[in-house]
Trainee: 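Mind looking over this structure? Questions follow.
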Amino acid sequence: MSASATPGPSSRAPGDRATTAPASGTLAFGRTRAYEDGLEVTVSAPRPFTPSRGAAGHSPGNRAVVLDVKVRNGSGDRIALDGVVVRARDGEGRELSAVFDAEPPPVLGLHGALLPGRQAVASYGFDLPATARSALEVEVKVGFDQDSDFWSGPLP
């Protein structure tokens, strides 16, 4: 098994049993996408974030949000986290720039490998136009030959 396995049709909230994915094709923030090979991905709700002076990807006058992506490896194989791609769009469909910040708490994304039975959590930051007020949609792709999954919800 690998992170490139085809996703299963289920989603879970913490403590919930597997359920059918929503008809809209998106999950609410905080819900978990469970894959047939045992891999699980959860995206937290976005929260406000103030990038440091050394952060990359943030434009003056814009606002930033940060969210956490958790990957749990329930498969029997090691998976490469470097293949996890996270993108975001605002409520008007604009692709958002990623914000990278090494200052605590670091906003750098997932890296390295994940052993079976373990989980990894990393923060991802995004730069929003000052006028963005509605929703955020986050796309997560785990592995190079797998379809993306989507989470959405209101901006903080």
Side-chain angles (χ1 to χ4, degrees), residues 1-14 16 18-49 51 55-59 62-75 79-102 105-114 118-156:
M1 289 185 229
S2 71
S4 62
T6 304
S10 64
S11 64
R12 297 186 332 169
D16 283 355
T19 60
T20 303
S24 69
T26 64
L27 296 165
F29 290 127
R31 302 279 298 179
T32 298
R33 169 70 77 203
Y35 296 83
E36 290 178 6
D37 67 355
L39 187 71
E40 295 181 1
V41 177
T42 307
V43 176
S44 74
R47 50 196 187 277
F49 150 63
H58 179 64
S59 297
N62 283 0
R63 62 187 182 128
V65 295
V66 65
L67 52 86
D68 297 325
V69 174
K70 177 172 72 173
V71 177
R72 192 184 78 70
N73 185 2
S75 78
I79 62 167
L81 294 173
D82 295 325
V84 176
V85 177
V86 180
R87 295 184 176 100
R89 293 176 191 86
D90 68 13
E92 287 76 46
R94 284 185 292 259
E95 191 81 23
L96 302 177
S97 294
V99 176
F100 299 95
D101 198 342
V107 180
L108 300 172
L110 292 162
H111 300 285
L114 186 60
R118 303 282 176 91
Q119 71 178 23
V121 180
S123 297
Y124 289 82
F126 295 99
D127 196 47
L128 290 141
T131 58
R133 298 281 181 249
S134 59
L136 182 70
E137 181 177 271
V138 176
E139 176 183 359
V140 179
K141 183 175 174 82
V142 182
F144 299 106
D145 57 352
Q146 174 179 306
D147 291 336
S148 298
D149 287 305
F150 296 85
W151 284 258
S152 64
L155 286 169

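Since we're looking at a predicted model, the values are computed, not measured.
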Trainee: Indicate yes or no for a side-chain donor-acceptor contact from Asp82 to the backbone of Gly112 under 3.5 Å, with no hydrogens or angles considered.
Mentor: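 Yes.
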
Trainee: Out of curiosity, Asp90 CG to Leu96 CG, how far, rounded to the nearest 0.5 Å?
Mentor: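 Going from CG on Asp90 over to CG on Leu96, the span is 5.0 Å.
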
Trainee: If you take all heavy atoms of Ser152 and Thr26, which pair is closest and at what distance?
Mentor: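 Taking every non-hydrogen atom into account, OG-OG1, 3.5 Å.
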
Trainee: Got Asn62 and Leu128 here, is their nearest side-chain heavy-atom distance under 4.5 Å?
Mentor: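 Answer no - side chains too far apart.
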
Trainee: Indicate yes or no: at least one non-hydrogen side-chain atom of Trp151 is less than 4.5 angstrom from one of Val86.
Mentor: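 Trp151 vs Val86: side chains apart.
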
Trainee: Phe150 and Arg89: which non-hydrogen atoms are nearest, and at how many Å?
Mentor: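 Looks like CE2-NH1, 4.1 Å.
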
Trainee: Is any side-chain heavy atom of Val138 closer than 4.5 Å to one of Val69?
Mentor: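 Answer no - side chains too far apart.
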
Trainee: Between NZ of Lys70 and OG1 of Thr32, what distance do you get to the nearest 0.5 Å?
Mentor: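 Between Lys70 NZ and Thr32 OG1, I get 6.0 Å after rounding to 0.5 Å.
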
Trainee: Compare all side-chain heavy atoms of Val99 with those of Phe49 and state whether any distance is below 4.5 angstrom.
Mentor: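 The answer is yes; the side chains approach within 4.5 Å.
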
Trainee: Hey, what do you get for NZ (Lys141) to CZ (Arg87), rounding to the nearest 0.5 Å?
Mentor: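 Answer rounded to 0.5 Å: 8.5 Å.
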
Trainee: Would you call Val71 and Ile79 a side-chain contact if the rule is heavy atoms closer than 4.5 Å?
Mentor: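 Touching, per the 4.5 Å side-chain cut-off.
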
Trainee: What's the separation between atom CG in Leu136 and atom CZ in Phe126, rounded to the nearest 0.5 Å?
Mentor: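 Leu136 atom CG to Phe126 atom CZ measures 7.5 Å (nearest 0.5 Å).
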
Trainee: Could I get the full list of side chain to side chain contact (heavy atoms under 4.5 Å, CB included) partners for Thr131, not counting sequence neighbours?
Mentor: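 Partners of Thr131 under the side chain to side chain contact (heavy atoms under 4.5 Å, CB included) test: Arg94, Pro129.
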
Trainee: For Pro154 and Pro46, which heavy atoms make the closest approach, and how far apart are they?
Mentor: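 Heavy-atom minimum between the residues: O-CG, 3.9 Å.
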
Trainee: With a 4.5 Å limit on heavy-atom distance, are the side chains of Val140 and Tyr124 in contact?
Mentor: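 A side-chain contact under 4.5 Å is absent here.
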
Trainee: Tell me, please, which residues at least two apart from Ser148 pass side-chain hydrogen bond (donor to acceptor under 3.5 Å, both in side chains).
Mentor: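 Testing Ser148 for side-chain hydrogen bond (donor to acceptor under 3.5 Å, both in side chains), a comparison that skips the adjacent residues, returns Glu139.
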
Trainee: Can you list everything that forms a side chain to side chain contact (heavy atoms under 4.5 Å, CB included) with Arg47? Sequence neighbours excluded, please.
Mentor: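 Testing Arg47 for side chain to side chain contact (heavy atoms under 4.5 Å, CB included), a comparison that skips the adjacent residues, returns Ser44, Val66, Asp68, Ser123.
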
Trainee: Listed by chain and number, what are the side chain to side chain contact (heavy atoms under 4.5 Å, CB included) partners of Ala120, not counting sequence neighbours?
Mentor: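 Partners of Ala120 by the side chain to side chain contact (heavy atoms under 4.5 Å, CB included) criterion, ordered by chain and then number, come out as Leu81, Leu110, Leu114.
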
Trainee: Could you list the residues that satisfy salt bridge (charged side-chain N to carboxylate O under 4.0 Å, His left out) with Arg63, not counting sequence neighbours?
Mentor: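 Here no residue qualifies.
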
